[in-house]
Colleague: 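Have a look at this one before I ask anything.
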Amino acid sequence: VFAVDVLKVLFMIKYVDKVVVANSNNITSLMASNIDDDRIALKEKVENALKVLVRQNLVQRNGDIYVFLTDEEQEINREIESQSVEMAEIINKASELIFQDIITDKDLANGKYKYYKFNGRYAFNYNQIVDERPFKSIQKYDIGVHVITPASDCGTDEITLRMKSGEGKEVLALLPNDRAFIDEIRRYLKIEKYLRLNTTDRFAEIKEAKRIEMRERNNNAKLYLTESLKDAVIYVNGDRAQISAKDVSARISEALGRLVKTVYHKLDYIDAAMGEDDIRKVLKTSNQITLNLEGGTEPNIHALDDVLRYIAGNSRMHVKTSMKSIKDRFMKAPYGFVEDDVQWLVAKLFKRGDVSFSVNGVGITMMNKDVEEIINYITKKAFVEKLMMEERVRVQDKDKKVVRDVLKELFHTSSPSDDEDAVMNYFISFANKLITELRVMKKDYDRAKYPGLKVIEEGIRIMSDIVHI
């Protein structure tokens with residue numbers, strides 16, 4: 001009987017919802033028969049009656065609002081309730097709300113986290129996951145954000161979550177055990193499915209009301225889910241993170257920042273941001289001058305050491321290293337370098353004489369190619385698989401001394417640089433000049449039989465052999 005009386009009250013206020021909001025508080029006030037009634041007990045009685053009415057499909061609950069249903073509305077509601085909605089569909093919708101609506105930071109919403117270093121030079125893609133279901137397509141990035149809802153089957157105890165956040169290289173966000181957003185999404189999807197399958201003009205006015213309800217359910221789900229994310233317990237690097245921010249985007253961003261520092265722990269090997277102009281400077285400046293200008297120190301020295309170590313390791317196994325393999329290795333964890341970093345590092349190692357280049361089996365040096373051609377080999381995508389590298393065997397100081405001594409004794413000059421290629425280039429230029437002079441002298445022997453022809457011919461042969469080594 002009491003439930004029937006509650007139903008009558010809802011019927012009376014159905015069309016004056018702008019005057020009297022049909023929530024449990026107002027319904028309780030309207031059900032009071034005496035000023036001395038125990039309001040707490042009466043409200044509990046009203047809420048129990050409302051639950052019965054909702055189960056019987058006589059009343060519909062929209063958030064905190066209860067709506068009396070006409071016979072036509074009850075018929076449509078029964079059809080809506082009969083629609084099948086899988087939990088996977090609910091999680092997919094929750095993912096869409098989280099990563100497209102609730103996270104307002106543009107980069108984060110697009111699946112990228114911009115690291116603070118060098119004004120956001122480093123942007124890391126991250127996996128977007130809800131209850132072990134990837135958002136959009138399959139993602140295989142080094143890091144991720146994994147939201148765990150009350151509908152999840154995975155373990156939510158402290159030890160499991162700590163282990164999972166450490167091993168999986170993920171930010172884990174454990175939502176509170178509040179299923180309000182799940183209920184709203186389920187209702188939204190059921191209405192959406194009903195409207196999609198029923199396109200006739202029958203009950204047009206009620207269907208339009210359902211479209212409005214669908215939007216309200218979506219907004220409610222977004223609101224409840226936002227509150228859950230604000231109160232979520234976050235785990236990073238195997239620990240429960242203490243994050244002061246309440247804004248959802250700020251919380252996710254701070255947690256990802258901590259994760260990036262751990263996963264890309266060798267990113268700090270880059271202490272100077274370099275680009276194509278810096279590559280040009282490296283190739284155009286002699287090693288000796290560079291050393292003097294930098295006071296005996298080199299930027300990004302630890303990164304240079306690791307790249308050289310990788311190339312040298314392949315060389316010891318008689319394997320050449322392509323630019324592509326270097327990018328694949330050093331643009332992922334634990335490095336996370338960008339293309340400009342890798343290209344500069346390779347150019348620097350080449351200029352220092354630590355590595356040699358070849359393209360299509362032909363050796364590339366500063367003597368047979370100009371700076372712009374070498375830059376193209378290093379930076380253009382067309383050569384990413386063609387540019388091959390090997391550790392270069394360094395010329396010993398005693399051998400360089402021999403060349404310098406020959407220059408001094410034979411040509412009465414000395415190389416202005418200590419760079420191996422520069423010394424050799426300098427020697428070859430003088431050797432070619434001497435060969436030309438000897439060939440001019442040899443022409444005189446065609447006119448007369450002067451002594452020393454064999455010496456001149458031997459000189460041309462020896463110098464030509466040296467030049468073509």
Side-chain angles (χ1 to χ4, degrees), residues 95 98-99 103 105-148 154-155 158-174 229 232-245 248-274 300-307 309-310 324-342 344-345:
S95 300
I98 293 169
F99 296 113
I103 292 178
D105 182 277
K106 187 176 179 181
D107 291 311
L108 282 179
N110 288 329
K112 282 183 179 290
Y113 168 73
K114 277 197 172 183
Y115 195 49
Y116 68 90
K117 193 172 183 180
F118 297 123
N119 297 318
R121 175 184 174 94
Y122 300 94
F124 299 101
N125 289 310
Y126 69 93
N127 302 317
Q128 298 170 306
I129 303 168
V130 177
D131 287 352
E132 299 186 339
R133 295 182 66 86
F135 177 51
K136 293 182 180 177
S137 58
I138 295 173
Q139 305 155 73
K140 295 181 180 179
Y141 303 120
D142 293 324
I143 57 175
V145 171
H146 189 168
V147 178
I148 301 174
C154 63
E158 186 86 5
I159 295 174
T160 301
L161 292 172
R162 284 177 182 271
M163 288 177 62
K164 190 174 176 62
S165 71
E167 293 172 0
K169 298 177 183 177
E170 294 178 320
V171 170
L172 290 183
L174 176 64
L229 285 165
V233 178
I234 292 180
Y235 294 85
V236 185
N237 301 325
D239 286 317
R240 184 168 175 165
Q242 300 299 321
I243 295 177
S244 56
V248 175
S249 294
R251 298 193 85 205
I252 298 296
S253 184
E254 186 177 335
L256 277 171
R258 298 185 190 184
L259 184 62
V260 164
K261 270 194 169 184
T262 302
V263 175
Y264 298 96
H265 60 272
K266 291 190 176 183
L267 181 58
D268 287 338
Y269 283 7
I270 299 294
D271 50 49
M274 301 294 187
N300 307 323
I301 186 65
H302 295 302
L304 286 165
D305 289 344
D306 271 25
V307 175
R309 196 175 295 117
Y310 174 62
K324 181 181 184 301
S325 67
I326 292 177
K327 285 183 178 180
D328 288 345
R329 181 179 179 87
F330 290 94
M331 290 176 69
K332 292 182 179 178
Y335 298 95
F337 300 163
V338 295
E339 270 195 350
D340 283 350
D341 295 332
V342 175
W344 181 88
L345 293 168

Colleague: Between Ala303 and Ile270, which heavy-atom pair has the shortest distance, and what is it?
Modeller: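 That closest heavy-atom pairing would be CB-CD1, 4.0 Å.
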Colleague: Would you check if the side chain of Asn300 reaches a backbone N or O of Asp271 as a donor-acceptor pair within less than 3.5 Å?
Modeller: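 Between the backbone of Asp271 and the side chain of Asn300 there is a qualifying donor-acceptor contact (under 3.5 Å).
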Colleague: Under the criterion side-chain contact (heavy atoms from CB on, under 4.5 Å), I'd like the reasoning laid out for Ser253 against Asp105: C-alpha separation, chi angles, the key distance, then a yes or no.
Modeller: CA-CA 9 Å; Ser253 184; Asp105 182 277; over 6 Å; no
Colleague: Between atom CZ of Arg329 and atom CG of Asp306, what is the distance when rounded to the nearest 0.5 Å?
Modeller: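 Between atom CZ of Arg329 and atom CG of Asp306 there are 8.0 Å.
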Colleague: Mark yes or no for whether Asn237, through its side chain, and Arg258, through its backbone, hold a donor-acceptor pair below 3.5 Å.
Modeller: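 Looks like yes, one N/O pair under 3.5 Å.
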Colleague: Do the ring planes of His302 and Tyr269 sit parallel (below 30°), tilted (30 to 60°) or perpendicular (above 60°)?
Modeller: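 Tilted: the ring planes of His302 and Tyr269 meet at 30° to 60°.
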Colleague: Drop me the distance from Met163's CE to Glu158's CD, to the nearest 0.5 angstrom.
Modeller: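 Rounded to the nearest 0.5 Å, the CE-CD separation comes to 13.0 Å.
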Colleague: Is any side-chain N of the basic residue among Lys332 and Asp142 closer than 4.0 Å to the acidic one's carboxylate O?
Modeller: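 Salt bridge: no.
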Colleague: For the pair Asp328 and Lys324, find out whether any cationic side-chain nitrogen is under 4.0 Å from an anionic carboxylate oxygen.
Modeller: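 Looking at Asp328 and Lys324, the cut-off is met.
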Colleague: Go through the steps to decide whether Tyr115 and Arg121 satisfy the test side-chain contact (heavy atoms from CB on, under 4.5 Å), and finish with yes or no.
Modeller: CA-CA 7 Å; Tyr115 195 49; Arg121 175 184 174 94; over 6 Å; no
Colleague: Is it true that a side-chain atom of Asp239 and a backbone atom of Ala241 form a donor plus acceptor pair closer than 3.5 Å?
Modeller: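 Not at all, since once roles are kept as given, no pair shorter than 3.5 Å links the two residues.
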Colleague: Between Gln128 and Tyr126, is there a donor-acceptor pair closer than 3.5 Å when you use the side chain of the first and the backbone of the second?
Modeller: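 No, the answer is negative, given that no donor and acceptor are paired below the 3.5 Å cut-off.
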Colleague: Hey, what do you get for OH (Tyr113) to CG (Asn125), rounding to the nearest 0.5 Å?
Modeller: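 Spacing of OH (Tyr113) from CG (Asn125) equals 14.0 Å.
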Colleague: Taking the six-membered ring for Trp, are Phe135 and Phe99 closer than 6.0 Å centroid to centroid?
Modeller: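 Between Phe135 and Phe99, the centre distance is under 6.0 Å.
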Colleague: Counting only N and O atoms by type, is there a donor-acceptor contact under 3.5 Å from the side chain of His265 to the main-chain atoms of Pro334?
Modeller: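 Answer holds: no.
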Colleague: side-chain contact (heavy atoms from CB on, under 4.5 Å) for Trp344 and Leu304? Distances and angles first, verdict last.
Modeller: CA-CA 9 Å; Trp344 181 88; Leu304 286 165; 4.2 Å; yes
Colleague: Say you draw a straight line from CG of Leu161 to SG of Cys154; how long is it, rounded to the nearest 0.5 Å?
Modeller: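 Between Leu161 CG and Cys154 SG, I get 7.0 Å after rounding to 0.5 Å.
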Colleague: Under the 3.5 angstrom rule, does the side chain of Asn127 hit a backbone N or O of Ile143 as a donor-acceptor pair?
Modeller: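 It does hold such a pair.
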Colleague: Could you tell me whether a side-chain N or O of Lys164 sits under 3.5 Å from a main-chain N or O of Gly238, the two making a donor and an acceptor?
Modeller: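 Side chain of Lys164 to backbone of Gly238: no pair is present.
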Colleague: Using the ring of each side chain (for Trp, its six-membered ring), is Tyr264 parallel, tilted or perpendicular to Phe124, with breaks at 30° and 60°?
Modeller: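 Parallel: the ring planes of Tyr264 and Phe124 meet at under 30°.
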Colleague: Does Val145 form a side-chain contact (heavy atoms from CB on, under 4.5 Å) with Ile129? I'd like the steps, not just the answer.
Modeller: CA-CA 6 Å; Val145 171; Ile129 303 168; over 6 Å; no
Colleague: Is any side-chain heavy atom of Leu172 closer than 4.5 Å to a side-chain heavy atom of Ser165?
Modeller: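 Yes; the side chains approach each other to less than 4.5 Å.
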Colleague: Do Asp341 and Tyr122 get their side chains close enough for a donor-acceptor pair, meaning under 3.5 Å?
Modeller: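 Tyr122 and Asp341 do have a side-chain donor-acceptor pair below 3.5 Å.
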Colleague: Got a salt bridge between Lys261 and Asp268, using NZ or NE/NH1/NH2 to carboxylate O under 4.0 Å?
Modeller: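 Salt bridge between Lys261 and Asp268, a charged N being under 4.0 Å from a carboxylate O: no.
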